[in-house]
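Structure record follows, encoded as C-alpha coordinates.
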Number of protein chains: 2
Amino acid sequence: MPDFLNDKKRYYTPVEYVFDKVGGLYKMPILWRLKDKSLRFSELKRSINRASDRMLSKTLKELVADGFVSKEIIPEVPVKTIYTITEKGKRSIAIISTLREYGFELMKEDGIEH
Amino acid sequence: MPDFLNDKKRYYTPVEYVFDKVGGLYKMPILWRLKDKSLRFSELKRSINRASDRMLSKTLKELVADGFVSKEIIPEVPVKTIYTITEKGKRSIAIISTLREYGFELMKEDGIEH
DNA sequence: CGGGATCCGTTGTGATACTG
DNA sequence: CAGTATCACAACGGATCCCG
(Lines give C-alpha, C1' and ligand atoms only; values in the text may rest on other atoms or scores of the structure.)
Protein backbone atom coordinates (compact mmCIF):
# COMPACT_ATOMS: atom_id res chain seq x y z
CA MET A 1 0.00 0.00 0.00
CA PRO A 2 2.08 2.86 -1.31
CA ASP A 3 1.34 6.43 -0.35
CA PHE A 4 1.86 7.50 -3.93
CA LEU A 5 3.52 6.61 -7.19
CA ASN A 6 5.52 8.64 -9.70
CA ASP A 7 7.59 7.61 -12.67
CA LYS A 8 6.92 3.98 -11.68
CA LYS A 9 8.60 4.45 -8.31
CA ARG A 10 6.92 4.05 -4.98
CA TYR A 11 7.16 6.66 -2.26
CA TYR A 12 5.73 6.34 1.21
CA THR A 13 6.47 9.79 2.57
CA PRO A 14 7.18 13.26 1.18
CA VAL A 15 10.62 13.08 2.80
CA GLU A 16 11.37 9.97 0.77
CA TYR A 17 10.48 11.94 -2.33
CA VAL A 18 12.89 14.72 -1.35
CA PHE A 19 15.69 12.23 -0.76
CA ASP A 20 15.07 10.69 -4.15
CA LYS A 21 15.20 14.05 -5.91
CA VAL A 22 18.00 15.87 -4.10
CA GLY A 23 19.54 13.17 -1.93
CA GLY A 24 22.65 11.10 -2.56
CA LEU A 25 26.24 12.21 -2.17
CA TYR A 26 26.49 14.88 -4.83
CA LYS A 27 23.18 16.54 -5.66
CA MET A 28 23.17 19.02 -2.80
CA PRO A 29 26.88 19.85 -3.18
CA ILE A 30 26.24 20.62 -6.85
CA LEU A 31 23.15 22.75 -6.21
CA TRP A 32 24.97 24.58 -3.45
CA ARG A 33 27.83 25.51 -5.78
CA LEU A 34 25.46 26.64 -8.52
CA LYS A 35 23.31 28.77 -6.26
CA ASP A 36 24.85 32.08 -7.26
CA LYS A 37 26.85 31.32 -10.37
CA SER A 38 26.82 29.04 -13.38
CA LEU A 39 29.67 26.58 -13.69
CA ARG A 40 31.22 24.38 -16.32
CA PHE A 41 31.66 20.64 -15.94
CA SER A 42 35.38 20.94 -15.23
CA GLU A 43 34.80 23.68 -12.68
CA LEU A 44 32.32 21.53 -10.80
CA LYS A 45 34.74 18.65 -11.07
CA ARG A 46 37.56 20.67 -9.55
CA SER A 47 35.30 21.96 -6.81
CA ILE A 48 33.92 18.52 -5.92
CA ASN A 49 37.04 16.57 -6.76
CA ARG A 50 36.03 13.53 -4.70
CA ALA A 51 33.33 12.78 -7.29
CA SER A 52 34.38 10.70 -10.29
CA ASP A 53 33.62 11.95 -13.79
CA ARG A 54 31.03 9.24 -14.05
CA MET A 55 29.18 10.19 -10.87
CA LEU A 56 29.32 13.90 -11.63
CA SER A 57 27.95 13.33 -15.12
CA LYS A 58 25.26 10.95 -13.92
CA THR A 59 24.17 13.23 -11.11
CA LEU A 60 24.04 16.31 -13.33
CA LYS A 61 21.94 14.41 -15.84
CA GLU A 62 19.40 13.59 -13.15
CA LEU A 63 19.31 17.15 -11.88
CA VAL A 64 18.68 18.39 -15.41
CA ALA A 65 16.00 15.74 -16.01
CA ASP A 66 14.25 16.72 -12.78
CA GLY A 67 14.41 20.42 -13.58
CA PHE A 68 16.74 21.61 -10.84
CA VAL A 69 19.51 22.55 -13.22
CA SER A 70 19.64 23.59 -16.88
CA LYS A 71 22.42 22.80 -19.29
CA GLU A 72 23.78 24.84 -22.13
CA ILE A 73 26.18 23.42 -24.68
CA ILE A 74 28.51 25.73 -26.54
CA PRO A 75 29.67 23.91 -29.67
CA GLU A 76 33.16 25.21 -29.88
CA VAL A 77 36.17 22.97 -30.21
CA PRO A 78 36.64 21.75 -27.62
CA VAL A 79 33.06 21.76 -26.39
CA LYS A 80 31.93 23.85 -23.43
CA THR A 81 28.98 23.06 -21.21
CA ILE A 82 27.50 25.45 -18.72
CA TYR A 83 25.27 24.36 -15.87
CA THR A 84 22.86 26.85 -14.35
CA ILE A 85 20.47 26.48 -11.44
CA THR A 86 16.77 26.88 -12.29
CA GLU A 87 14.02 28.54 -10.25
CA LYS A 88 13.04 25.08 -9.03
CA GLY A 89 16.63 24.47 -8.04
CA LYS A 90 16.77 27.76 -6.18
CA ARG A 91 13.79 26.71 -4.10
CA SER A 92 15.89 23.77 -2.82
CA ILE A 93 18.64 26.00 -1.47
CA ALA A 94 16.73 26.92 1.68
CA ILE A 95 16.47 23.24 2.62
CA ILE A 96 20.15 22.64 1.95
CA SER A 97 21.02 25.63 4.08
CA THR A 98 18.85 24.35 6.93
CA LEU A 99 20.37 20.88 6.67
CA ARG A 100 23.87 22.35 6.74
CA GLU A 101 23.10 24.29 9.89
CA TYR A 102 21.61 21.26 11.57
CA GLY A 103 24.63 19.24 10.46
CA PHE A 104 27.03 21.65 12.13
CA GLU A 105 24.87 21.63 15.25
CA LEU A 106 24.83 17.84 15.33
CA MET A 107 28.58 17.64 14.81
CA LYS A 108 29.16 20.04 17.67
CA GLU A 109 26.81 18.02 19.84
CA ASP A 110 28.77 14.90 18.94
CA GLY A 111 32.09 16.59 19.65
CA ILE A 112 33.37 16.65 16.08
CA GLU A 113 35.84 19.33 15.04
CA HIS A 114 35.98 20.73 11.59
CA MET B 1 41.23 14.84 1.62
CA PRO B 2 38.27 14.35 3.90
CA ASP B 3 36.58 17.30 5.55
CA PHE B 4 36.40 15.35 8.80
CA LEU B 5 36.37 11.90 10.29
CA ASN B 6 34.23 10.28 12.95
CA ASP B 7 33.89 6.68 14.07
CA LYS B 8 36.26 5.77 11.24
CA LYS B 9 33.89 7.13 8.64
CA ARG B 10 34.67 9.95 6.26
CA TYR B 11 32.35 12.89 5.79
CA TYR B 12 32.85 15.70 3.32
CA THR B 13 29.94 17.93 4.29
CA PRO B 14 27.71 18.51 7.31
CA VAL B 15 24.75 17.43 5.19
CA GLU B 16 26.44 14.09 4.62
CA TYR B 17 26.70 13.73 8.37
CA VAL B 18 23.00 14.43 8.80
CA PHE B 19 22.10 11.85 6.16
CA ASP B 20 24.26 9.29 7.90
CA LYS B 21 22.63 9.91 11.27
CA VAL B 22 18.96 10.39 10.39
CA GLY B 23 18.80 9.41 6.73
CA GLY B 24 17.75 6.14 5.18
CA LEU B 25 14.22 4.88 4.72
CA TYR B 26 13.06 4.53 8.30
CA LYS B 27 14.87 6.79 10.74
CA MET B 28 12.80 9.89 10.14
CA PRO B 29 9.50 7.97 10.05
CA ILE B 30 10.40 6.46 13.42
CA LEU B 31 11.43 9.78 15.00
CA TRP B 32 8.31 11.40 13.62
CA ARG B 33 6.07 8.81 15.28
CA LEU B 34 7.90 9.07 18.59
CA LYS B 35 7.83 12.84 18.71
CA ASP B 36 4.94 13.09 21.15
CA LYS B 37 4.51 9.60 22.53
CA SER B 38 6.56 6.53 23.38
CA LEU B 39 5.81 3.38 21.43
CA ARG B 40 6.48 -0.32 21.66
CA PHE B 41 8.24 -2.29 18.94
CA SER B 42 5.00 -3.85 17.72
CA GLU B 43 3.26 -0.47 17.65
CA LEU B 44 6.02 0.99 15.48
CA LYS B 45 5.86 -2.10 13.33
CA ARG B 46 2.12 -1.71 12.78
CA SER B 47 2.53 1.98 12.06
CA ILE B 48 5.39 1.50 9.60
CA ASN B 49 4.28 -1.87 8.28
CA ARG B 50 6.35 -1.61 5.09
CA ALA B 51 9.50 -2.07 7.22
CA SER B 52 10.60 -5.62 7.91
CA ASP B 53 11.25 -6.72 11.51
CA ARG B 54 14.92 -6.81 10.70
CA MET B 55 15.10 -3.29 9.32
CA LEU B 56 12.97 -1.86 12.12
CA SER B 57 15.17 -3.52 14.71
CA LYS B 58 18.39 -2.52 12.99
CA THR B 59 17.27 1.08 12.54
CA LEU B 60 16.10 1.42 16.14
CA LYS B 61 19.42 0.06 17.36
CA GLU B 62 21.28 2.76 15.42
CA LEU B 63 18.98 5.49 16.69
CA VAL B 64 19.57 4.31 20.25
CA ALA B 65 23.34 4.08 19.72
CA ASP B 66 23.39 7.62 18.30
CA GLY B 67 21.32 9.00 21.16
CA PHE B 68 18.19 9.98 19.28
CA VAL B 69 15.99 7.40 20.99
CA SER B 70 16.13 5.60 24.34
CA LYS B 71 14.96 2.07 24.97
CA GLU B 72 13.36 0.59 28.05
CA ILE B 73 12.91 -3.12 28.48
CA ILE B 74 10.16 -4.39 30.72
CA PRO B 75 11.03 -7.97 31.64
CA GLU B 76 7.58 -9.44 31.75
CA VAL B 77 6.66 -12.57 29.92
CA PRO B 78 6.43 -11.89 27.09
CA VAL B 79 8.91 -9.04 27.07
CA LYS B 80 7.86 -5.45 26.43
CA THR B 81 10.13 -2.77 24.97
CA ILE B 82 9.33 0.90 24.97
CA TYR B 83 11.05 3.39 22.71
CA THR B 84 11.15 7.06 23.70
CA ILE B 85 12.57 10.04 21.87
CA THR B 86 15.43 11.88 23.62
CA GLU B 87 16.15 15.59 23.75
CA LYS B 88 18.64 15.09 20.94
CA GLY B 89 15.95 13.30 18.99
CA LYS B 90 13.50 16.13 19.58
CA ARG B 91 15.97 18.57 18.06
CA SER B 92 15.74 16.60 14.81
CA ILE B 93 11.98 17.03 14.53
CA ALA B 94 12.21 20.58 13.18
CA ILE B 95 14.32 19.35 10.26
CA ILE B 96 11.96 16.50 9.53
CA SER B 97 9.05 18.91 9.57
CA THR B 98 10.82 21.24 7.16
CA LEU B 99 11.71 18.36 4.85
CA ARG B 100 8.10 17.17 4.89
CA GLU B 101 6.85 20.60 3.90
CA TYR B 102 9.38 20.87 1.12
CA GLY B 103 8.45 17.37 -0.01
CA PHE B 104 4.78 18.30 -0.32
CA GLU B 105 5.74 21.47 -2.18
CA LEU B 106 7.96 19.51 -4.57
CA MET B 107 5.25 16.93 -5.17
CA LYS B 108 2.74 19.65 -5.96
CA GLU B 109 5.25 21.28 -8.30
CA ASP B 110 5.71 17.92 -10.02
CA GLY B 111 1.96 17.34 -10.28
CA ILE B 112 1.76 14.43 -7.88
CA GLU B 113 -1.48 13.81 -6.04
CA HIS B 114 -1.62 12.34 -2.61
C1' DC C 1 6.81 -10.19 22.00
C1' DG C 2 10.90 -8.52 20.29
C1' DG C 3 14.04 -9.44 18.15
C1' DG C 4 18.74 -12.15 15.91
C1' DA C 5 20.85 -15.13 12.13
C1' DT C 6 21.26 -16.07 7.58
C1' DC C 7 21.05 -15.51 2.79
C1' DC C 8 20.21 -12.84 -1.13
C1' DG C 9 19.01 -9.07 -4.63
C1' DT C 10 19.36 -4.23 -5.84
C1' DT C 11 21.31 0.12 -5.96
C1' DG C 12 24.77 3.60 -5.30
C1' DT C 13 29.34 4.59 -5.97
C1' DG C 14 34.29 3.98 -7.49
C1' DA C 15 38.30 3.08 -10.96
C1' DT C 16 39.88 2.85 -15.28
C1' DA C 17 40.00 3.39 -20.03
C1' DC C 18 38.29 5.49 -24.04
C1' DT C 19 36.10 9.08 -27.46
C1' DG C 20 33.49 13.00 -30.42
C1' DC D 1 36.56 19.38 -22.72
C1' DA D 2 32.94 16.75 -21.38
C1' DG D 3 31.64 13.12 -21.02
C1' DT D 4 30.49 7.35 -21.88
C1' DA D 5 31.47 2.28 -21.32
C1' DT D 6 32.77 -1.27 -18.59
C1' DC D 7 33.73 -3.72 -14.57
C1' DA D 8 33.73 -4.22 -9.69
C1' DC D 9 32.33 -3.69 -4.96
C1' DA D 10 30.05 -2.50 -0.59
C1' DA D 11 26.02 -0.82 1.69
C1' DC D 12 21.18 -0.97 2.04
C1' DG D 13 17.19 -3.32 2.28
C1' DG D 14 14.13 -7.64 1.87
C1' DA D 15 12.60 -12.66 3.04
C1' DT D 16 12.62 -16.34 5.88
C1' DC D 17 13.40 -18.93 9.81
C1' DC D 18 14.47 -19.30 14.57
C1' DC D 19 14.62 -18.27 19.65
C1' DG D 20 14.58 -16.58 24.88
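First the proteins, then the strands, lettered A, B, ... as listed; each starts at 1. Values reported hereafter were calculated over all heavy atoms of this structure, with side chains retained and with hydrogens, waters and symmetry mates removed.
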Could you tell me whether B/Glu76 atom CD has more than 12 heavy atoms of other residues or ligands within 6.0 Å of it?
-> yes
Short side-chain to backbone donor-acceptor contact, [X] and [Y], under 3.5 Å:
X: B/Thr59; Y: B/Met55; value: yes
X: B/Thr86; Y: B/Gly67; value: yes
X: B/Lys35; Y: B/Ile93; value: no

Using five pairs at either end of the helix from C/dC1-D/dG20 to C/dG20-D/dC1, determine the angle between the two local helix axes and round it to 10 degrees.
->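 Computed from the C1' atoms at both ends, the axes differ by 50°.
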Considering only heavy atoms of chain B and a distance under 4.0 Å, specify the first and last nucleotide of DNA chain D in 5' to 3' order that meet this criterion.
->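 Extent of the interface on DNA chain D: D/dG13 to D/dA15.
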So the salt bridge (Lys or Arg N to Asp or Glu O under 4.0 Å) pairs with at least one residue in residues 91-108 of chain B (sequence neighbours excluded) are A/Glu109-B/Arg91
Which residue pairs pass the salt bridge (Lys or Arg N to Asp or Glu O under 4.0 Å) test when at least one of the two sits in residues 37-49 of chain B, sequence neighbours left out?
-> B/Lys45-B/Asp53
Nearest-angstrom distance from the residue atom [atom1] of [X] to [atom2] of [N]:
X: B/Glu43; N: C/dG2; atom1: CD; atom2: C1'; answer: 13 Å
X: B/Lys61; N: C/dG3; atom1: NZ; atom2: P; answer: 8 Å
X: B/Leu44; N: C/dG3; atom1: CG; atom2: C1'; answer: 13 Å

How does protein reach along nucleotides 7-20 of chain C, written 5' to 3' as B (base within reach of a heavy atom under 4.0 Å), S (only sugar-phosphate), or - (no contact)?
-> ------BBB-----
So, B/Asp110 and A/Lys88, do they make that salt bridge, N to O below 4.0 Å?
-> yes
Measure up the A/Phe19 and B/Phe19 rings against each other and bin them: parallel (under 30°), tilted (30 to 60°), perpendicular (over 60°).
->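 Judged by the thresholds at 30° and 60°, the geometry between A/Phe19 and B/Phe19 is tilted.
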Indicate the ring-plane relationship of B/Phe41 and B/Tyr83, choosing parallel, tilted or perpendicular according to the 30° and 60° boundaries.
-> tilted
With sequence neighbours left out, what residues match B/Phe68 under ring-ring contact (aromatic ring centres under 6.0 Å, His included)?
-> none
So, is B/Ser42 close to the C/dC1 phosphate, meaning a side-chain N or O under 4.0 Å from OP1 or OP2?
-> no
